[in-house]
Enquirer: 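Just passing along the structure, written as structure tokens.
Chain A is the first sequence line, chain B the second, and so forth, proteins listed ahead of strands; every chain is numbered from 1. The model shown is predicted, which means the values in this text are computed figures rather than measured ones.
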Amino acid sequence: MNNMPAILVLAPLLGAFFAGLAAWIQKQLSYYIALAAMAVSCFAAVSVLTDVITSGTMQYRMAGWAPPMGIELRIYLLNAMVLVLISAIAFVNLVASVKNVEQEISDRAPSFYVMYLLFVVGLLGVTATGDLFNLYVLIEITSLTSYTLIALGDKDRGHLAALNYVFIGVIGASFYLLGVGYLYITTGSLNMADVAVILKGIQGSSAVLTAFILCILGVWIKMALFPLHVWLPNAYTFAPVGFARVVAPLMTKVMVYVMVRLMVTVFGLEYIFETLHLADAVVWLAVTAILAGAFTALFQTDLKKMLAYIIVCEIGYMVGGAWLGNSLGMTGAILHILNDGLMTFALFLAVGNIIYMRKQVAFSNLSGLFAAMPWTMAGFVLAGLSIIGVPPTCGFFSKWYLVLGAFEAGAYHFAAALVISSLVCAVLFFKVFEICFFGSAPGAPGHHVPGNPQPSHDIHSAGHAWAKADSGAGAHSPAEVMAEAPVSMLAALGLVSVAIIAAGVYAGTIVNTIILPFLQ
Amino acid sequence: MGDILPLIVAKYNFWLYIVLMMIGLYAMIAKNNLMKKLVGMNIFQTAIILFYVSIGYKHGATIPIIQGGHGGHSAHDAVIHAADYINPLPHVLMLTAIVVSVATFGVAMALCVRIYQRYQTLEEDELRMRVSEMITHE
């Protein structure tokens, strides 16, 4: 029997145990153990993905107990892809963030790594498991570790943000648990595949409807779908950057995956779109989420917080796409899980580099960054363009599928929201680029750019900046001293930038080999 | 209206858990003190635990221990009817859920301690005031 699915989840779990022990011997040791554990897990994830592509869905019985009694890991093409995404991001982030951790929380580095590994265990487990109750427990492992890690962040507001997250997170998880209870009453089983078979016979039952609504509501709270998003911006802004880099791209995306998984493999698309008539309302909710996220991001004056609101907006894309009720929309949503993970990761890597050099990322601290940190900013620009949806970056292709899906479903309001939010994202990012490019660096007088260096907040100046950036890029001479982030951090950013382009170029291949076979 | 009363009585465990859950939710939303909010959170979780425990119950059934024990002769001789024993699975699930809720409560209380050390208060309105004061000082 192929044990890779178990190794995938257990490697970081054992790693967390030994990393905790090793801290008694030497603090540095826990980092290396964490790195090794993530490398093993990453290798196992890739091997599982290749196995699933060649030989189809993989079922792994934990400890040999057959389902529905035992717990089963069931890996489809969809989760295999998400598993690789999670383990790769977690691994790359460990390499990139070691210096950030030393700088921000050097006295608690070992506990950071232990919690970090447990967080990844939770995410991988959520993705791999085929058992509804097991899913709840693993979601709670993920949440508990993220509460503690967020509290390690900002000394003044980290704890408050974490506590708010606790309250709302508990409500979300409890709703999900309650939904599972109703499913258990009606089906007598907790295994997802088993439940799906039994549910086919009792689709009219109001208990099933209650279960569905409770489960989805719980997952929505956890994924921060507007208006259930209130915990997210503060939690991600005040988290230590080494953790923000991994929680921002992964946590919400994994919850979107859970929603897709519940919809496709447990309740069944037929039940959701033909028996229930909720899809229209949910697409409207997604439209509100997209617009609210995008426009709230406009009013932020801190880069981290702006990105947090962009995440809220992106969640709207994925939820809307999944609820359009056609395979194009679902394809777009699943592709966006991958792409948004990569883009958000790249953005937060760049933010982490800036924080490492400048301590803060309020807009007033960003001036002169293009000259001081050209490589970091190159990665940031690429990721920003991808969020806006400029080809050939990957963000364009998932948006393309989502727009096509919206037209096929006749959901023109969703297509309009996608376009409007892309424009708003363009304004947002070019505003940031303008500040980074034209604002004079601290301690570097005699900057030759005319006009005021203050960030201007209207659309015209951002559009103007685009023209200026285009024509002035070659002529600009870096008068400021270069103060670039360490090589390990840049290498990570470079790798993710390549991945963003690659995911764009090979978008067709990903859709044809992974997403479409899964949906059929 | 006459139909509702028997419905409430027949499914009283459901009504009970909903009432408890709403009490917890109310405390989490309306209370000003963070510790009270935490207690509300615990009530909220306990309501769900009680709901699960109640669905394992069967009328006239006993605890799921087979008389004579495993491997004893009588166990094999007697036919075992599932209806004679309450369903242990929801109870076992709740052992895990209790562990989760205790862990959450512990983390949340630790966070409260840190907040108190930093701001010398657990009242939410005062906290909000001090945080906004701190931001304006920056």
Enquirer: Side chains of Asn87(B) and Tyr184(A), heavy atoms from C-beta outward: is any pair under 4.5 Å?
Expert: yes

Enquirer: A quick test of your reading: do over 12 heavy atoms of other residues, nucleotides or ligands sit less than 6.0 Å from NZ of Lys359(A)?
Expert: yes

Enquirer: To the closest 0.5 Å, what do you measure between CE (Met109(B)) and CG (Leu163(A))?
Expert: 11.5 Å

Enquirer: Could you tell me if the side chain of Phe51(B) sits less than 4.5 Å from the side chain of Leu177(A), heavy atoms only?
Expert: no

Enquirer: Side chains of Leu93(B) and Tyr136(A): closer than 4.5 Å at any heavy-atom pair?
Expert: no

Enquirer: Is the shortest heavy-atom distance from the side chain of His159(A) to the side chain of Tyr116(B) under 4.5 Å?
Expert: no

Enquirer: Tell me if the OH atom of Tyr57(B) is crowded by more than 12 foreign heavy atoms within 6.0 Å.
Expert: yes

Enquirer: Between Ile171(A) and Phe44(B), which heavy-atom pair has the shortest distance, and what is it?
Expert: CA-CE2, 3.9 Å

Enquirer: For residues Phe14(B) and Ile185(A), report the shortest heavy-atom separation together with the two atoms involved.
Expert: CZ-CD1, 4.0 Å

Enquirer: So Arg118(B) and Leu160(A), side chain to side chain contact (heavy atoms under 4.5 Å, CB included) or not? Walk me through it.
Expert: CA-CA 10 Å; Arg118(B) 174 68 184 75; Leu160(A) 277 171; over 6 Å; no

Enquirer: Does any non-hydrogen side-chain atom of Val166(A) lie less than 4.5 Å from one of Thr104(B)?
Expert: yes

Enquirer: Please state whether the side chain, the backbone, both or neither of Leu190(A) comes within less than 4.5 Å of a heavy atom of chain B.
Expert: side chain

Enquirer: If you draw a 6.0 Å radius around OH in Tyr119(B), do more than 12 non-hydrogen atoms from other residues or ligands fall strictly inside?
Expert: yes

Enquirer: Side chain, backbone, both or neither: which part of Phe105(B) has an atom under 4.5 Å from a heavy atom of chain A?
Expert: neither

Enquirer: For Phe167(A) and Met41(B), which heavy atoms make the closest approach, and how far apart are they?
Expert: CD2-SD, 4.0 Å

Enquirer: Could you report the tightest heavy-atom contact between Val180(A) and Tyr52(B), atom names first, then the distance?
Expert: C-OH, 3.5 Å

Enquirer: Identify the two heavy atoms, one from Ala97(B) and one from Phe133(A), that lie closest to each other, and give their separation to 0.1 Å.
Expert: N-CZ, 4.4 Å

Enquirer: Examine whether an atom of Leu25(B) lies under 4.5 Å from a heavy atom of chain A, and if so say whether it belongs to the side chain, the backbone or both; otherwise answer neither.
Expert: side chain

Enquirer: Non-hydrogen atoms of chain A under 4.5 Å away: do they reach the side chain of Leu34(B), the backbone, both or neither?
Expert: both

Enquirer: Taking atom NZ of Lys58(B) as the centre, report whether more than 12 heavy atoms of other residues, nucleotides or ligands fall under 6.0 Å from it.
Expert: yes

